[in-house]
Amino acid sequence: MSGNSDFFSDVYDVVRLIPTGRVCSYGAIANYLGSKRSSRMVGWAMNASHKFDDIPAHRVVNRNGMLTGKHHFQQPNLMQELLEKEGIAIREDIVVDFNILFWDPLVEL
DNA sequence: AGCATGACGAACA
DNA sequence: GTGTTCGCCATGC
């Protein structure tokens, strides 16, 4: 990997475009990039996003709105705090009104 | 080369 | 509506 693979860069690019107070899913990003079946690779890309400080990874959850990646943050509760700070309510590690706050790059972009 | 794992998702029972 | 299984694709052992 010479610096960044195009796939990773594309993932970060999309994540950066997620508006404040909105959330997106791994599958939606993968679908937007043309690889609907590569949602796991999106998660893998996010795992490497810790090296960058401009990736709002907390706005990416799974298709159920669950904060599956919370344990990968500096602090397990950081993800929830960041979301609540943006006005997003979290209950039992799940985004309340996920269907309303969901931001689909296929539609919005 | 084969097997296990993972920040997922869809299909199936 | 809940629990289980399979498919994807890259990484690590």
Side-chain angles (χ1 to χ4, degrees):
Chain A
M1 46 183 184
S2 41
N4 302 340
S5 295
D6 289 329
F7 183 78
F8 275 45
S9 296
D10 288 340
V11 171
Y12 299 147
D13 191 34
V14 176
V15 175
R16 271 189 282 257
L17 293 175
I18 301 174
T20 302
R22 302 291 295 280
V23 293
C24 190
S25 69
Y26 305 94
I29 294 172
N31 193 11
Y32 174 75
L33 296 179
S35 301
K36 189 173 72 174
R37 311 274 201 268
S38 301
S39 52
R40 287 193 156 163
M41 295 306 99
V42 175
W44 194 261
M46 300 310 296
N47 188 24
S49 70
H50 65 90
K51 296 181 298 187
F52 309 93
D53 51 355
D54 60 336
I55 309 295
H58 59 281
R59 295 179 189 150
V60 184
V61 297
N62 72 353
R63 89 160 203 85
N64 294 313
M66 189 163 92
L67 283 55
T68 51
K70 60 179 293 184
H71 286 292
H72 292 265
F73 282 75
Q74 299 175 316
Q75 299 178 64
N77 56 316
L78 179 60
M79 186 175 187
Q80 178 171 339
E81 290 179 3
L82 289 173
L83 290 172
E84 291 177 334
K85 195 175 180 182
E86 297 182 357
I88 299 177
I90 308 297
R91 173 141 181 161
E92 300 294 315
D93 290 345
I94 297 177
V95 176
V96 180
D97 297 329
F98 169 72
N99 52 4
I100 299 174
L101 299 175
F102 179 68
W103 181 83
D104 189 349
L106 284 174
V107 177
E108 307 291 345
L109 251 42

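Chain letters run A, B, ... following the sequence lines, proteins first, then strands; residues in each count from 1.
- For NE2 of A:H71, the number of neighbouring non-hydrogen atoms (other residues, nucleotides, ligands) closer than 6.0 Å is 12 at most.
- In this structure, the CD1 atom of A:I29 is 10 Å from the P atom of B:dG9, given to the nearest Å.
- Under the 4.5 Å side-chain criterion, counting only non-hydrogen atoms from C-beta, A:E108 is not in contact with A:L17.
- Nearest to the side chain of A:S25, among C:dC8, B:dG9, B:dG6, sits B:dG9.
- Atoms CG and OH, from A:D10 and A:Y32 in turn, are 8.5 Å apart once rounded to the nearest 0.5 Å.
- Within 4.0 Å (heavy atoms only), A:A45 reaches no atom of the nucleic acid at all.
- At the heavy-atom level, A:N47 lies under 4.0 Å from base atoms of the strands shown.
- For A:R63 and B:dA10, the shortest distance from a side-chain N or O to OP1 or OP2 is below 4.0 Å.
- When rounded to the nearest whole Å, the span between CD1 of A:I94 and P of C:dT2 equals 10 Å.
- In this entry the distance linking NZ of A:K36 with P of C:dG7 reads 16 Å, nearest Å.
- Only the P atoms considered, C:dT2 is 23 Å distant from B:dA7, to the nearest whole Å.
- For A:W44, counting side-chain heavy atoms from C-beta on, the closest listed nucleotide (B:dA7, B:dG9, C:dT11) is C:dT11.
- Atoms CE (A:M41) and C1' (C:dT11) sit 9 Å apart, rounded to a whole Å.
- Taking the six-membered ring where tryptophan is involved, the planes of A:F73 and A:H58 are perpendicular, since the angle between them exceeds 60° and thus also 30°.
- Residue A:A57 has its side chain nearest to B:dA7 when only B:dA7, C:dT11, B:dG9 are considered.
- Residue A:N62 has its side chain nearest to B:dG9 when only B:dA7, B:dG9, C:dC9 are considered.
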